[in-house]
Amino acid sequence: AIEEEEIRARAYIQLLNEKTAKRANEASIANWNYASNITDENLKKQLEVSARVAKETKEDWLETIKFNWKSFSDPDLYRQFKKYSILGTAALPEDKYTKLDKIISDMQTIYSTAKICDFKTKDKCDLALEPEITNILIKSRDAEELKQIWLQWRNKTAAAKDLFKDYVSLSNEAATLNNFTDTADYWLYGYEAADFKDQVKKLWEQLRPLYLQIHAYVRTKLRERYGDIVSEKGPIPAHLLGNMWAQTWGHIFDFTMPSPGAQKLDVTEEMVKQGYTPEKMFKLSEEFFTSLNLSAMTDLFWERSILEKPKDGRELICHASAWDFYDQKDFRIKQCTRVDFTDLITAHHEMGHIQYYLQYKSQPQVFREGANDGFHEAVGDVMSLSVSTTKHLKKIGLIGADVPDNDDNDLNNLYKIGLDKIVFLPFGYLMDLWRWDVFEGKTSPEDYNCNWWKYRNEIQGIEPPVDRSEKDFDPAAKYHIVADVPYLRYFVSYVIQFQFHRAACEIAGEYDASDPKKPLHKCDIYQSTAAGNAIGKMLQLGSSRPWPDAMQALTGQREMDASGLLEYFKPLQKYLEEENKKNNAFIGWEASTKKCS
Ligand SMILES: C=C(C[SeH])C(=O)N1CCC[C@H]1C(=O)O
Ligand SMILES: [Zn+2]
């Protein structure tokens, strides 16, 4: 009868979790070895391990689906079987599985090893994305140089185009073998809400007015700096925004800040002056977590992480990442860290992933993941919202004690955070809007690039520095596109992290909606064990409960809600609306004059 089957199933799933954790550990080790040292040998080994793990996973899956799990009464057992019933890409025939695996590795290798030539020293052609190209995009104010760097990078990474086409069809084939309509459907499944696309669309519509304000303000400032190459009413040229993908604009803070007279708040200068090293940056981040009574890093973390770009000339994937080796001891970060404030924030972001791994390490293997993928991206950013306050930066000595905590400085700092958080929203949304269309067949290969620019234009209000065509393949200039990493998780994170921050700040007594002396944007939860314990309770759940349950544990809410972000930036929104009105700035943008054919 079903009771005895449930008893047998409980023993079965316990064993399956242990086998799956062991296989996940082996796969992580092989993936790490390849990602941290790109050689043919390491790729070969990675593909072999991956193929063996897929084969064994499929064999177990055939056993798992024999159980009558849909009739189980134990919700926890039911949820574990439900998760294991989705096989994933291992459903592909072995040859196609390895073909897809190799395509994704090869696309990442093209991206991670791409080199371009310097603009000033024409024959210096060994510039890598990190740190050389990134540094130029941060520092250069020469529109011609920025255009050349922007174009060269895209010329190199477009080489992934043919591989991407095969990736789309094989990925879709795997999705249909799992009874999804396509990969878009498979990617959205983890959010456990049939209307999740609509939920996200609604959030973007609520947040768009704030984005239009910061977009109009920045365009005004860019016109002052660069003249007519920035039109008064058109989209903003993408190469002038301090970032290769125009996804955050923090690096043009210095000549666009609201109160130029105020303290520049240049934490980077102070970090360099104080002799910060990448290791010190991660130790600082660890101390923030332990101040909340959350977990410290393990010994293996410090022994095995790669916290700065190796100098031994090897090729590696520099895009920052946090790794779980599923043995409750081995957790690592790989980051080609630069000593600057942006990378201090990224360090906190990656440490947030590790903290989540540590908090749910005692869950059964199948629940060792975020409540949804957005939760995983939000943990570190919640800490960064506290670290980024002038109050906290003074506490840790990165802003001088003499810097007055006046309105001008406060506005400047809020604007700087807005250049990351508000600005990011349309990019975080459009990345998968474009990919959903590709997987759903609405965008065919001959339209890849111009549909990409259609979204970049309509949603983000930016344009390329020169005309584009279908001979280009600009989406491949972004890591997540070539690495098969979904992106909606970041849009979700940028919304829910403010809900988490608001709840944590209330618990820490740092925020009170009715007390104008305790606005949300000045909250620093540092050393609040009460806040830390509440956050920890949410994280320990892993994916053992549907994400609304996890969100409710910390915030009392069960839905994503833009009000946290809007509340946090209210003072900035007021300033931007007044300033744009004063400048008679055009809000929004007309169609781009740049063509795509
Ligand atoms: C730092 C990571 C690793 Se999960 C990252 O990819 N992020 C963090 C912010 C958005 C996104 C990006 O860089 O595009
Ligand atoms: Zn992340």
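One-based numbering, in listed order, for ligands and for the atoms of each.
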Between Ser321 and Tyr479, does the side-chain hydrogen bond (donor to acceptor under 3.5 Å, both in side chains) criterion hold? Intermediate values first, please. CA-CA 12 Å; Ser321 55; Tyr479 173 75; over 6 Å; no
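- Checked against the 6.0 Å centroid threshold, Tyr429 and Phe491 count as a close aromatic pair.
- Arg304 and Asp330 are joined by a salt bridge, as a carboxylate oxygen and a charged side-chain nitrogen come within less than 4.0 angstrom of each other.
- For the residue pair Gln499 / Arg502, no side-chain donor-acceptor distance below 3.5 Å is found, with atom types taken as modelled.
- Ring geometry, Trp589 versus His215: the interplanar angle falls from 30° to 60°, so the pair is classed tilted.
- Of all protein heavy atoms, the one closest to atom 7 (N) of ligand 1 is Tyr490 CE2, 3.6 Å.
- Looking from atom 14 (O) of ligand 1 to the surrounding protein, the closest heavy atom is Tyr487 OH, 2.5 Å.
- Of the candidates His319, Gln247, Arg489, the one placing a heavy atom closest to atom 5 (C) of ligand 1 is His319.
- Nearest protein heavy-atom neighbour of atom 1 (C) of ligand 1: Glu350 OE2, 3.0 Å.
- Within the protein, the N, O or S atoms lying under 2.8 Å from the Zn ion (ligand 2) are His349 NE2, His353 NE2, Glu377 OE1.
- Taking the ring centroids of Phe288 and His392, they lie under the 6.0 Å cut-off.
- Near Glu377, meaning under 4.0 Å from any of its heavy atoms, are these atoms of ligand 1: 4 (Se).
- The ring of Tyr167 has its center closer than 6.0 angstrom to the ring center of Phe164.
- Under the 6.0 Å cut-off for aromatic ring centres, Phe439 and Tyr186 do not qualify, their centroids lying 6.0 Å or more apart.
- Proximity of Ser321 to ligand 1 is not established, as no heavy-atom distance is less than 4.0 Å.
- Residue contacts with ligand 1 for Tyr479 are absent, since no atom lies close enough (heavy atoms, distance under 4.0 Å).
- Remark: ligand 1 atoms within the under-4.0 Å shell around heavy atoms of Ala320 are 3 (C).
- Under the ring pair (Phe, Tyr, Trp, His ring centres under 6.0 Å) test applied with Trp434, the options Tyr487, Trp452, Trp453, Tyr455 reduce to a single match, Trp452.
- When each atom of ligand 1 is checked for a heavy atom of His353 under 4.0 Å away, the hits are 4 (Se).
- A 6.0 Å sphere centred on CD of Gln328 holds more than 12 heavy atoms belonging to other residues, nucleotides or ligands.
- Contact atoms of ligand 1 toward Lys478: 12 (C), 13 (O), 14 (O) (distance under 4.0 Å to a heavy atom of the residue).
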Quick one: do Ser563 and Asp561 satisfy side-chain hydrogen bond (donor to acceptor under 3.5 Å, both in side chains)? Show the steps, please. CA-CA 6 Å; Ser563 71; Asp561 166 18; 2.7 Å; yes
